[in-house]
Engineer: 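Got a structure for you, written out below as structure tokens; questions coming shortly.
Computed from heavy atoms alone, side chains included, the values below leave out hydrogens, waters and symmetry copies.
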Amino acid sequence: MITRRNFTCAAAAASLQAAPAAKPKIALVITEYRRNAHADVIGTRLLGGYDYNGKRQQPRVQVVSMFTDQIAANDLSRPYAKKHNVPIYDTVRDALTLGGASLAVEGVAIVGEHGRYPYNEKGQHLYPRYELFSQVVEVFKSSGRTVPVFSDKHLSTEWWKAKWMYDQSREMHFPFLAGSSVTVAWRRPEMELPAGAKLRHAVAAAYGGLEAYGYHSLESLQCQAERRAGGETGVAAAQCLEGADVWRWTDANPWAQPLLDAAVARSETRTAGNLREIVKQPALFIVQYKDGFQGLVYMLNGGIQDFTFAAQVEGRKQIDSTLFFLQPGRPYAHFSGLVWWIEDLMLNKRAPYPVERTLLVTGTLASLMESAWRGHTRIETPHLDVAYQPAKGTFYNRGAAPPLKEDI
């Protein structure tokens with residue numbers, strides 16, 4: 001029997017059900033916010049939307065506060081904060097508490113890339129990612145609760161700091177995601193190694209500085225290598241070679257050249273000619289995994305300007321290879337994929353893919369920088385016993401690359 005009371009209750013329930021869910025309120029904790037800095041290519045999309053999978057995507061989170069460690073001459077944080085009505089606080093604590101006594105946001109995005117920070121003797125850029133993360137953790141501890149956290153790129157320049165960050169997320173039970181945009185960009189062709197693939201070797205080819213882009217290239221290797229039979233087991237040793245030693249090592253290991261050729265063949269920016277003549281100062285990362293698998297990263301400045309990958313799966317005649325497509329000429333459109341998964345972290349309160357990948361790559365990169373600094377010696381890495389299973393599914397951008405125009 002329909003009465004006025006139960007009709008009113010039903011209507012109210014229907015209204016509540018139809019109401020859109022509130023967007024998670026997040027804090028942006030950043031080093032420097034200027035044009036094309038990571039705070040821009042990530043934060044501006046979180047504020048105003050972006051193109052993803054061929055469609056216009058409005059933000060699924062709400063940025064409610066910012067902290068900026070440095071203010072550049074061409075700063076964007078102030079005008080963009082004013083545009084989107086977002087307050088900027090003087091401390092990380094105030095950004096997370098909105099000036100109050102305890103945690104008042106539902107997620108934190110740390111973007112610790114770019115800014116005027118020193119380099120150490122190994123050539124590592126000392127961004128304060130660990131320090132910013134530590135301040136976030138202090139707010140969690142004093143508030144008695146936690147929220148999901150994203151941290152851009154590798155966790156730190158030092159293994160013990162990276163491990164501490166990871167351990168805090170596990171001990172305090174908060175979802176933690178980290179890493180770069182390359183693994184979730186477009187792929188040409190669309191390719192993911194099958195889970196459980198039997199691999200002995202794989203090669204990534206890339207360009208750029210040993211640390212800043214070395215991280216991207218190692219992550220492009222690791223996102224495929226972790227899918228091998230048995231899952232990830234950790235890294236036993238790492239070595240960085242440079243100059244003529246790169247080609248001497250390649251010639252002494254005949255399996256390497258066909259994989260390198262297959263990876264470079266996917267490049268859309270390859271300089272014509274003989275790579276060994278064109279690339280004046282090549283670098284090679286040799287990563288020896290605990291289960292016997294070996295991965296290589298060739299840094300080929302002057303030869304290519306993108307990130308590619310190749311592997312020989314046991315039982316297949318053809319080498320599997322792909323390009324991590326970053327759409328050259330476009331203002332960092334590949335970051336849209338990363339922003340999508342940052343939002344997914346905040347919405348679902350779980351990391352879509354394992355942060356252990358970033359932890360392992362962080363430690364491997366630190367050892368490779370140590371190797372280069374110590375005269376290219378092999379560095380044993382018993383501490384990199386990071387074992388994990390890859391996430392199910394794939395996470396790269398499948399939509400058509402948008403036209404060459406701003407998408408933020």
Engineer: Can you sort out the partners of R200 under side-chain hydrogen bond (donor to acceptor under 3.5 Å, both in side chains), two or more places apart, ordered by chain and number?
Structural biologist: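 R200 satisfies side-chain hydrogen bond (donor to acceptor under 3.5 Å, both in side chains) with no other residue.
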Engineer: Provide the full list of salt bridge (Lys or Arg N to Asp or Glu O under 4.0 Å) pairs with a residue in residues 168-197, sequence neighbours left out, each pair given once.
Structural biologist: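 Checked against salt bridge (Lys or Arg N to Asp or Glu O under 4.0 Å) - neighbours excluded - the pairs reaching residues 168-197 are R170-E356, R187-E192, R188-E268, E190-R398.
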Engineer: Side-chain donor-acceptor contacts of residues 104-112 below 3.5 Å, not counting sequence neighbours, with atom names and distances?
Structural biologist:
from	atom 1	to	atom 2	distance (Å)
E106	OE1	K25	N	2.8

Engineer: Between S267 and D306, does the side chain to side chain donor-acceptor pair (under 3.5 Å) criterion hold? Intermediate values first, please.
Structural biologist: CA-CA 6 Å; S267 172; D306 42 25; 2.9 Å; yes
Engineer: Should the ring pair F307 and Y207 be called parallel, tilted or perpendicular, given that the plane angle runs from 0 to 90° and is split at 30 and 60?
Structural biologist: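 Geometry flag for Y207 against F307: tilted rings.
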Engineer: Apply side chain to side chain donor-acceptor pair (under 3.5 Å) to residues Y130 and T157 and explain how you reach the verdict.
Structural biologist: CA-CA 9 Å; Y130 162 82; T157 56; over 6 Å; no
Engineer: Is there any salt bridge (Lys or Arg N to Asp or Glu O under 4.0 Å) pair reaching into residues 210-223, and which pairs are they, with sequence neighbours excluded?
Structural biologist: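 Sorted pair list comes back empty.
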Engineer: Go through the structure and list residues passing side-chain hydrogen bond (donor to acceptor under 3.5 Å, both in side chains) with Y388, not counting sequence neighbours.
Structural biologist: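 Here the qualifying residues are Q222, E226.
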Engineer: For N253, which residues count as a side-chain hydrogen bond (donor to acceptor under 3.5 Å, both in side chains) partner, sequence neighbours excluded?
Structural biologist: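 Checked N253 against side-chain hydrogen bond (donor to acceptor under 3.5 Å, both in side chains); zero matches.
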Engineer: Does the Lys NZ or Arg CZ of R60 fall within the cation-pi geometry relative to W340 - under 6.0 Å from the ring centre and within 45° of the axis?
Structural biologist: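 Output yes; distance and angle both within limits.
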Engineer: If you look only at pairs with a residue in residues 129-144, which of them pass as a salt bridge (Lys or Arg N to Asp or Glu O under 4.0 Å), with sequence neighbours excluded?
Structural biologist: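 Of all non-adjacent pairs touching residues 129-144, those that pass salt bridge (Lys or Arg N to Asp or Glu O under 4.0 Å) are E113-R129, E131-K161.
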Engineer: Under 3.5 Å, side chain of R316 to main-chain N/O of V313, donor-acceptor pair present?
Structural biologist: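 Judged by distance alone, no pair lies under 3.5 Å.
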Engineer: Check for me whether the distance between the ring centres of F324 and H334 falls short of 6.0 Å.
Structural biologist: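 No.
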Engineer: Partners of A202 by side-chain contact (heavy atoms from CB on, under 4.5 Å), sequence neighbours excluded?
Structural biologist: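 Per chain and number, A202 pairs via side-chain contact (heavy atoms from CB on, under 4.5 Å) with L221, F293, F309, A311.
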Engineer: Listed by chain and number, what are the side-chain contact (heavy atoms from CB on, under 4.5 Å) partners of E242, not counting sequence neighbours?
Structural biologist: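 side-chain contact (heavy atoms from CB on, under 4.5 Å) check on E242 returns L210, C240, Q281, A283, A372, H376.
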Engineer: What are the two closest heavy atoms between T358 and K153, and how far apart are they?
Structural biologist: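 In this case the closest contact between T358 and K153 is CG2-O, 3.5 Å.
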Engineer: For residues 83-103, pull every pair meeting salt bridge (Lys or Arg N to Asp or Glu O under 4.0 Å), keeping only residues two or more places apart or in separate chains.
Structural biologist: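 Every candidate salt bridge (Lys or Arg N to Asp or Glu O under 4.0 Å) pair involving residues 83-103 fails, so no pair, neighbours aside, qualifies.
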Engineer: What residues, two or more places apart in sequence or in another chain, satisfy side-chain hydrogen bond (donor to acceptor under 3.5 Å, both in side chains) together with R270?
Structural biologist: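 None.
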Engineer: Which residues satisfy the side-chain contact (heavy atoms from CB on, under 4.5 Å) test with Q239, sequence neighbours excluded?
Structural biologist: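 For Q239, the residues satisfying side-chain contact (heavy atoms from CB on, under 4.5 Å) (neighbours in sequence not counted) are L241, I286, S371, R378.
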